[in-house]
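In this chain, numbering begins with 1 at the start of the sequence shown.
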Amino acid sequence: MQIQDLPYPDPGVPDARSGPRFLWWLGRNQLGGQLRALAWGLLHFCSVSALPFCVGVAVQAVVDRSGTRLALSGGLLVLVCVGNALGDTFLHRAAVTNWITAAARVQQLLARRTAQLGSALTRRVAAGEVVAVSTGDVEKIGWFVEAVSRFTAAAVTVVLVCVALLVYQPALGVVVAVGLPALALAVLPLLPRATRRADVQREKAGRATELASDTVAGLRVLRGIGGEELFLDRYRRASQEVRQAAVHSARMWSLISAVQVLLPGLLLIAVVWYGVHLAREGRITVGELVTVYSSVMVLTYPLRHFEEIAMAYSFSRPSAKRAARVLSLERTAPRSGPRRTEVDAPAPDLPGPADRPAADSSLPSGDLYDPATGLLVPAGVLTAVVCGDPDAAGRLAERLGGHPEEPGPSALLGGVPLDELPLGRARTVVLVQDKDPVLLSGSLRELLDVPASGEVTADAALAAARCGDVLTALAQASSAAEDPMDVRITERGRSLSGGQRQRLALARSLVTDPEVLVLDEPTSAVDSHTEARIAEGLKDLRSGRTTVVLTSSPLLLDHADRVVLVHEGTAAAVGAHRELVRTDPRYRSVVTRETDEERAAGAETPVENGEGALRDALEELEEIEETA
């Protein structure tokens, strides 16, 4: 894989059982790039290590006054320098390619897992930790994957040089062959402590990132309650802890670096002292002494890669562990059998294996059914669902979208269990907009540029969501943009009000035009007059399409073709809004916010209080509709 070929068509299925297993999996999946880097690394390091031999031959040629051998050494130097230049250049290219492609693979895997988990991700992992994994951790993982091939080339070169010195000059070669492994292994006792300190630094940095992310996300709320200084002090303390941990870790790595400098120096002293002794006795020539000394001095360069691989592994191991933790998360949960039925319709028959469509068949369509509550949503109508518990409404919306996080029976569309469809196909046919939709930064045109059927235009969706005043506000906010669609929206739409964000998110959902659209409290931050107009626009635009709105707003409920009350986890009542207000006390208490005392008083005088409350509610509803 080359950089220009990114992204990967398929990043693969990672081994996320542990951090080291994940690193090993990444290395195996880049075997071609690793072998190329290894080959160029061997050329580079062997060329560097051959320079002392060429110099030694040249020195001895001068001593012996041999012009032929001097010319030969010069030619060898030219070849070695060319090999060094080529090896260094292409090693760098291969190493950077391995680094970037490994990091890109991890980012693709994280993005794919994030898309699969959806809102379930931030319920299991803090948003700041996800940011830390997808930024700093990705680079550290890529660093280790890239460093493996260079370390392997350096290790092989050290072994080859030791063997060559044993053959070339056995007396000094034994000293070098014994000393170099000792140099390489001398830092091993220090590595566990350095790794622990790196883990502590990484943990504290992750917590500081989480705190910063959460503070920025809630900045508007913090300003409202005067909590900015409190959280700023917390971040100061967290950042100081990160600094102290980094200094603590750096001290250990500086000690390792000092050892890597001190011991090669001692080995050089030993080689020079023993070599001079051998030269005085006439057992070696001056050229051989220069060759061995230069070889030991040059070998400090590949030995540096032993320190680098240790550092890369120490920093990448906790990063790989965190990435593996995110990648190991699963959304789907085991299903159980159907439990309840809707009050006015029998539960549809659960299809057997022979009745279910194959994976390559067309997408399912038809009635949407939730076995957990017995909710049945007929195809092609606007169904409003009233839940007294907002959390229960959120869980119901997630089940209707297929692949819920919590265990339970799967929702069925046209008799087909949605959790047996691939997640992408399930989301194609059923789109769920939760109560807190996210607006990404970018222009409004980019916000509405989403996968869609093409039958609903952006203008139609914006009109149905009543975003006219939002477009006006965006145009006024940016005089540089001629078209409001080109005005940039800040991250998460923080420059907009809550109602404006809700309406833009609704317009985005309407543009997609899915077979089934599930909306969880889509107008909770909108005023009543706008809400009534949105209800009309939603019903007109989604005519003939299946739409489910989880809400307790009378304005939306009155425009629904069908209203279902889900009480204590069961579909308890079905009908029109005005009929249910009049006949079902449980429904009336949720929609009109009727208290227990008012309900008790209404039970004592049902005719007067019940009809009076209904009449007042209907009059208020008609007044809002006329104004709208």
Side-chain angles (χ1 to χ4, degrees), residues 115-124 331-333 335 339-340 342 364 367-379 381-413 417-419 421 423-438 465 501-503 505-510 512-526 534-535 538 542 545-553 556-557 560-572 574 590-591:
Q116 290 173 346
L117 293 172
S119 60
L121 175 63
T122 52
R123 289 199 290 267
R124 299 187 189 182
R331 181 182 180 89
T332 55
R335 295 189 292 124
R339 186 166 58 90
R340 298 185 178 101
E342 192 171 8
D367 296 344
L368 180 64
Y369 174 69
D370 176 37
T373 59
L375 171 66
L376 179 65
V377 179
V381 301
L382 173 60
T383 302
V385 180
V386 177
C387 293
D389 182 4
D391 294 333
R395 292 191 294 269
L396 174 58
E398 191 176 62
R399 283 199 306 275
L400 294 177
H403 298 266
E405 179 186 6
E406 296 183 353
S410 170
L412 293 88
L413 181 62
L418 289 174
D419 67 355
L421 293 175
L423 184 59
R425 293 170 64 84
R427 286 178 173 170
T428 298
V429 71
V430 182
L431 174 66
V432 179
Q433 176 183 306
D434 61 23
K435 64 183 65 178
D436 187 22
V438 176
R501 286 197 299 270
Q502 271 194 337
R503 283 180 281 166
L506 177 59
R508 179 179 59 186
S509 299
L510 293 175
T512 61
D513 190 34
E515 179 71 23
V516 179
L517 177 61
V518 180
L519 304 172
D520 186 7
E521 293 290 354
T523 58
S524 58
V526 177
I534 291 175
L538 177 63
R542 293 287 300 174
R545 310 287 270 174
T546 306
T547 308
V548 183
V549 181
L550 290 95
T551 182
S552 59
S553 168
L556 288 176
L557 295 171
D561 300 317
R562 192 166 179 268
V563 179
V564 181
L565 170 66
V566 176
H567 180 68
E568 295 181 353
T570 306
V574 179
V590 174
V591 174

Measure from the side-chain N and O atoms of [X] to the backbone N and O of [Y], and report whether any donor-acceptor pair falls under 3.5 Å.
{"X": "Ser509", "Y": "Ala505", "result": "yes"}
{"X": "Gln502", "Y": "Ser524", "result": "yes"}
{"X": "Thr570", "Y": "Ala572", "result": "no"}
{"X": "Asp367", "Y": "Ala379", "result": "yes"}
{"X": "Asp561", "Y": "Val381", "result": "no"}
{"X": "Glu521", "Y": "Lys435", "result": "no"}

Any side-chain heavy-atom pair of [X] and [Y] under 4.5 Å:
{"X": "Pro514", "Y": "Thr428", "answer": "no"}
{"X": "Thr523", "Y": "Leu556", "answer": "yes"}
{"X": "Leu396", "Y": "Thr373", "answer": "yes"}
{"X": "Ser410", "Y": "Leu412", "answer": "no"}
{"X": "Val386", "Y": "Val563", "answer": "yes"}
{"X": "Cys387", "Y": "Val590", "answer": "no"}
{"X": "Val518", "Y": "Leu550", "answer": "yes"}

Quick one: pull up [atom1] in [X] and [atom2] in [Y] and give me the separation to the nearest 0.5 Å.
{"X": "Leu400", "Y": "Leu375", "atom1": "CG", "atom2": "CG", "result": "6.0 Å"}
{"X": "Asp370", "Y": "Arg399", "atom1": "CG", "atom2": "CZ", "result": "4.5 Å"}
{"X": "Asp520", "Y": "Gln433", "atom1": "CG", "atom2": "CD", "result": "9.0 Å"}
{"X": "Leu557", "Y": "Leu565", "atom1": "CG", "atom2": "CG", "result": "10.5 Å"}
{"X": "Leu510", "Y": "Leu538", "atom1": "CG", "atom2": "CG", "result": "6.0 Å"}
{"X": "Asp434", "Y": "Glu398", "atom1": "CG", "atom2": "CD", "result": "9.5 Å"}

### Query
Can you find a side-chain donor-acceptor pair between Thr547 and Arg542 that sits under 3.5 Å?
yes

### Query
Can Leu368 and Leu418 be said to form a side-chain contact (heavy atoms from CB on, under 4.5 Å), step by step?
CA-CA 10 Å; Leu368 180 64; Leu418 289 174; 4.2 Å; yes

Mind listing the closest non-hydrogen atom pair of [X] and [Y] along with its distance?
{"X": "Ala571", "Y": "Val564", "value": "CB-CG1, 4.0 Å"}
{"X": "Arg395", "Y": "Asp389", "value": "NH2-OD2, 4.1 Å"}
{"X": "Gly388", "Y": "Pro390", "value": "O-CD, 3.6 Å"}

### Task
Assess whether side-chain contact (heavy atoms from CB on, under 4.5 Å) is satisfied between Val526 and Ile534, documenting all intermediate values.
CA-CA 9 Å; Val526 177; Ile534 291 175; 4.1 Å; yes

#### Entry: CA sep, side-chain torsions, deciding dist, call: Leu506, Leu519, side-chain contact (heavy atoms from CB on, under 4.5 Å)
CA-CA 8 Å; Leu506 177 59; Leu519 304 172; 3.7 Å; yes

### Message
Between Arg545 and Asp513, does the side-chain contact (heavy atoms from CB on, under 4.5 Å) criterion hold? Intermediate values first, please.
### Response
CA-CA 9 Å; Arg545 310 287 270 174; Asp513 190 34; 3.4 Å; yes

